[in-house]
Amino acid sequence: MSDAHTAALEKLFRRIGQLSSLPGVAQRIIEVADNEDSTAEDLLKVVEQDPTLAVRIMRTVNSSFFGLPQEVGDLQTAVSMLGFVEVRNLALTVCVARLCEESSSYGSFSREGLWKHMVAVGEIARMVSKECGCGKPEEAYMAGLLHDIGLVLIDQYMHPQLCIVIDMINEGSSLSEAEQSVLTFDHTDLGAYVARTSNFPERIVAAVEFHHAPELFEGNDSQLLEIVQIANHLASVNGVTSLGMDTSPAIPDAVRRSVGFGEEQQEAIAERVAETLEGANVLSGI
């Protein structure tokens with residue numbers, strides 16, 4: 001890639017990032033989450049600044065997905081019953097969902113379907129993390145939720161080009177080949193840029209950037225992005241895809257070994273995927 005091309009892409013990414021940056025409340029939620037001294041009270045103060053966000057969180061908390069024994073009437077009780085991290089993830093889910101609210105479609109693709117895929121990958125990533133005993137399950141959820149944010153932004157700001165990408169995939173190209181041919185970059189490149197400028201932890205940025213190609217990651221801790229790759233594949237082969245077709249790469253043996261995703265873990269997860277996808281369907285309507 002030439003210096004001129006790199007500079008042009010950075011300019012494009014900055015422009016899209018400025019147009020699509022997460023709302024200020026999301027930025028503050030991330031700051032609270034990254035501060036080890038933060039308390040539930042700090043999180044509540046941020047969420048309460050956005051009444052619509054608070055209402056949507058409460059609606060979801062009281063849904064069948066959580067199955068609480070009694071209806072929760074306030075955010076403080078929700079935090080005490082579900083925990084700081086769960087409510088934080090709900091709040092960020094609402095913020096990301098706002099980027100997907102407008103409808104868009106082409107052929108088998110729909111933005112609603114893409115959003116359901118993102119939530120499903122988040123939920124399955126959480127399950128993989130728990131089952132394999134690696135990583136932090138709630139961090140795995142957030143990385144899975146964000147993994148295809150680049151596709152959302154391409155659909156929003158480069159929809160005609162996305163349609164050409166979809167046509168090329170239908171004709172036999174891989175997702176990466178089609179994106180590089182039409183856009184000269186991958187959705188993972190754009191997604192990682194936006195995640196990084198939105199101040200998400202670098203582990204989550206890496207998961208967004210390398211979930212299709214973990215072998216290219218040169219850092220020390222690859223487990224989170226490997227969990228997301230596994231979750232992306234499992235969601236896709238179970239019919240919850242990003243583009244209305246399965247574009248996920250197979251899970252490399254090296255990734256399976258790194259995460260501890262053997263036959264026993266795969267069978268245990270396979271038995272619960274349908275239930276997990278049902279829960280993800282509730283969250284996707286947040």
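All residue numbers refer to positions in the sequence shown, counting from 1. Since the structure is predicted, the reported quantities are computational estimates derived from the model, not experimental observations.
Residues Asp167 and Tyr106 have side chains that bring a donor and an acceptor to within less than 3.5 angstrom of each other. Glu71 and Asn62 share no donor-acceptor pair across their side chains, judged by distance under 3.5 Å alone. Using a 3.5 Å distance cut-off with no hydrogens or angles, the side chains of Gln180 and Asp186 do pair a donor with an acceptor. Looking at Glu179 and His187, their side chains do bring a donor and an acceptor atom within 3.5 Å of each other. Side chains of His233 and Asp246: no donor on one and acceptor on the other come within 3.5 Å. Side chain to side chain, His5 and Thr184 meet the donor-acceptor criterion of an N or O pair below 3.5 Å.
Counted within 6.0 Å of CD on Glu202, heavy atoms from surrounding residues, nucleotides or ligands total more than 12; the atom is thus considered enclosed. Few gaps surround CD on Gln49; more than 12 heavy atoms of other groups in view lie less than 6.0 Å from it. Within a 6.0 Å sphere centred on CD of Gln265, other residues, nucleotides and ligands contribute more than 12 heavy atoms. In the displayed structure, Glu263 atom CD is contacted under 6.0 Å by at most 12 heavy atoms of other residues, nucleotides or ligands. For Glu48, the CD atom sits in a packed shell: over 12 heavy atoms of surrounding residues, nucleotides or ligands are nearer than 6.0 Å.
In this structure a side-chain-to-backbone donor-acceptor pair under 3.5 Å is present from Glu177 to Ser174.
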> Run the side-chain hydrogen bond (donor to acceptor under 3.5 Å, both in side chains) check on Glu226 and Ser258 step by step: do they pass?
Replying inline: CA-CA 8 Å; Glu226 291 165 345; Ser258 175; 2.6 Å; yes
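For the pair Arg126 and Tyr141, the cation sits on the ring face: its NZ or CZ lies under 6.0 Å from the ring centre, inside 45° of the axis.
Taking the six-membered ring where tryptophan is involved, the planes of Phe13 and Tyr193 are tilted, since the angle between them lies from 30° to 60°.
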